[in-house]
Visitor: 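Take a look at the following structure, please.
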There are 2 protein chains.
Amino acid sequence: MLTIGKLGEAAGVKVPTIRYYEQIGLLPEAERSAGNQRLYGRKAMERLAFIRHARDLGFTLEAIRDLLSLSDRPDQSCAAADAIARAQLAEIESRLARLTALKAELERMVVQCAGGKIADCRVIEVLGDHSLCATDHRYPESEVPS
Amino acid sequence: MLTIGKLGEAAGVKVPTIRYYEQIGLLPEAERSAGNQRLYGRKAMERLAFIRHARDLGFTLEAIRDLLSLSDRPDQSCAAADAIARAQLAEIESRLARLTALKAELERMVVQCAGGKIADCRVIEVLGDHSLCATDHRYPESEVPS
DNA sequence: CCTAATGTCTCTAGCAACTATAGCTTCAAG
DNA sequence: CTTGAAGCTATAGTTGCTAGAGACATTAGG
């Protein structure tokens with residue numbers, strides 16, 4: 001049995017985070033030693049590793065909660081797990097597309113900064129004027145106030 | 001002069017967000033009408049557009065605060081603005097790389113889910129076992145508890 | 001065996017960047 | 001003149017932790 005510190009070290013999760021996961025019900029309440037310290041066995045370790053891995057993949061704690069409750073019922077269809085993973089994949093693909101566009105715009109900004117004065121700085125200028133950039137702008141010219 | 005609702009609509013920023021920006025000092029305190037309602041002119045609109053655009057590009061409010069104070073001193077060198085933008089670019093590049101790796105792993109997981117039972121589900125399995133994935137795993141086998 | 005240094009305990013508050021709610025007042029349209 | 005939308009303030013909630021305070025537990029060294 002491991003104390004919370006050892007578990008955290010082993011799983012690459014900080015101690016307060018483990019206590020937090022217990023608090024919100026992602027981890028079951030741990031056994032306690034005579035001196036009231038939490039003790040963890042292999043099952044807790046595996047559950048924590050599952051959580052950490054899913055977090056690394058960008059799943060929200062809510063999604064992880066769902067996945068964990070699915071994995072507790074191994075005889076059910078895995079369609080739900082598949083759906084959660086697919087949703088996560090779609091989410092990541094959309095973030096990826098967005099970030100790629102942002103990167104392009106930032107690169108343009110940075111390249112165009114000639115190292116002069118603020119008044120001529122493309123970074124400031126581009127940020128201040130939607131029409132200078134390629135990304136969606138949400139208000140028509142007509143609505144710009146006087 | 002625009003009321004807060006019109007300004008928000010025009011700039012694509014929600015009303016409580018505008019009040020929040022004022023509260024934390026990103027926007028100056030707005031003029032008020034006789035009935036104590038906020039009124040905004042073109043300068044406020046431009047400042048808000050600047051903030052929204054920078055937020056869209058992923059800059060933190062802190063970075064935006066810095067950029068705004070730079071843009072208030074147009075005679076200074078733009079090296080600082082350039083540095084902020086470059087840092088943001090580096091940050092985005094790193095997130096991009098990470099997301100690309102995650103996407104690959106999620107795709108593998110999803111493809112391998114044969115549509116059977118949870119017990120055989122690759123999604124659950126891969127999440128539960130670090131050794132089945134390609135990403136960094138932070139604890140050596142020797143530290144896995146009994 | 002005692003002490004000092006860690007480690008753990010609970011509880012509370014804080015972080016970013018908003019979002020939502022409650023209970024008002026003010027404004028614009030009919 | 002009334003009604004409904006939009007505004008006001010103030011407070012609390014969100015997600016996923018992280019940091020502190022002050023008290024108890026455990027362990028390593030002398």
Side-chain angles (χ1 to χ4, degrees), chain A residues 1-27 29-40 44 47-48 50-68 84 87-88 91-92 95 98 102 145, chain B residues 1-27 29-40 44 47-48 50-68 84 87-88 91-92 95 98 102 145:
Chain A
M1 302 291 266
L2 299 177
T3 58
I4 197 170
K6 298 295 174 194
L7 176 70
E9 205 178 316
V13 177
K14 284 177 191 151
V15 168
T17 304
I18 299 174
R19 287 197 279 248
Y20 170 71
Y21 287 163
E22 178 181 313
Q23 190 196 309
I24 64 170
L26 265 194
L27 289 175
E29 293 197 6
E31 287 177 63
R32 297 298 180 115
S33 71
N36 197 39
Q37 301 196 343
R38 288 173 181 82
L39 293 178
Y40 298 93
R47 198 171 174 97
L48 183 56
F50 184 104
I51 295 169
R52 181 174 106 71
H53 195 184
R55 286 295 296 138
D56 281 354
L57 288 169
F59 288 88
T60 65
L61 292 182
E62 258 322 288
I64 293 170
R65 199 187 293 277
D66 292 346
L67 288 169
L68 280 169
I84 293 170
Q88 181 60 21
E91 171 67 29
I92 282 186
R95 277 199 275 161
R98 209 171 144 60
L102 300 191
Chain B
M1 301 292 268
L2 300 177
T3 58
I4 197 169
K6 299 294 174 193
L7 176 70
E9 205 177 316
V13 177
K14 285 178 190 150
V15 167
T17 305
I18 299 173
R19 288 196 279 249
Y20 169 71
Y21 287 163
E22 177 181 314
Q23 190 195 309
I24 63 170
L26 264 193
L27 290 174
E29 293 196 6
E31 285 177 64
R32 298 298 182 114
S33 72
N36 198 36
Q37 302 196 342
R38 288 173 181 83
L39 293 177
Y40 298 93
R47 199 171 174 99
L48 182 56
F50 183 103
I51 294 170
R52 181 173 107 70
H53 195 184
R55 287 294 296 136
D56 281 352
L57 288 169
F59 289 88
T60 65
L61 293 183
E62 258 322 288
I64 293 170
R65 199 187 293 277
D66 291 347
L67 287 168
L68 280 169
I84 292 171
Q88 181 60 22
E91 170 67 29
I92 282 186
R95 278 199 274 161
R98 208 171 145 61
L102 300 192

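Note: hydrogens, waters and symmetry copies are ignored here, and every other heavy atom, side chains too, is used. Every chain is numbered from 1, with letters handed out A, B, ... down the list of sequences.
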Visitor: Tell me whether the OP1 or OP2 atom of dT8(C) has a side-chain N or O from R38(A) closer than 4.0 Å.
Guide: no

Visitor: Any side-chain N or O of R32(A) under 4.0 Å from OP1/OP2 of dA25(D)?
Guide: no

Visitor: How long is the line joining CD of E22(A) and C1' of dT18(D), in whole Å?
Guide: 17 Å

Visitor: Counting only side-chain nitrogens and oxygens, does T3(A) get under 4.0 Å of the OP1 or OP2 atom of dG7(C)?
Guide: no

Visitor: Looking at residues at least two apart in the chain, or sitting in another chain, which of them share a salt bridge (charged side-chain N to carboxylate O under 4.0 Å, His left out) with E62(A)?
Guide: R65(A)

Visitor: Can you tell me the distance, in whole Å, between the CG atom of L27(A) and the C1' atom of dC17(D)?
Guide: 14 Å

Visitor: For K6(A) and dT26(D), give me the distance from atom NZ to atom P, rounded to whole Å.
Guide: 15 Å

Visitor: Only counting residues at least two apart or in another chain, list the ones meeting salt bridge (charged side-chain N to carboxylate O under 4.0 Å, His left out) with E91(A).
Guide: R95(A)

Visitor: Does R38(B) come within less than 4.0 Å of E22(B), counting only side-chain N to carboxylate O?
Guide: yes

Visitor: Looking only at atom types and distance, does a side-chain atom of Q88(A) sit under 3.5 Å from a main-chain N or O of G58(A), one as donor and one as acceptor?
Guide: yes

Visitor: CD1 of I4(B) versus P of dT9(D): gap in Å, rounded?
Guide: 9 Å

Visitor: Figure out the CD1/P separation between I18(A) and dA19(D), and round it to whole Å.
Guide: 15 Å

Visitor: Side chain of R47(B), backbone of I51(B): donor and acceptor closer than 3.5 Å?
Guide: no

Visitor: Please check: side-chain N/O of R55(A) versus main-chain N/O of F59(A), any donor-acceptor pairing under 3.5 Å?
Guide: yes

Visitor: Could you tell me the separation between the CG atom of L7(A) and the P atom of dG7(C), rounded to a whole number of Å?
Guide: 15 Å

Visitor: Treat primed atoms plus P, OP1 and OP2 as sugar-phosphate and everything else as base, then score nucleotides 11-30 of chain C 5' to 3': B for base contact with protein heavy atoms under 4.0 Å, S for sugar-phosphate contact only, - for none.
Guide: ------BBS------SS---

Visitor: Can you check the M1(B) CE to dG7(D) P distance for me, whole Å?
Guide: 15 Å

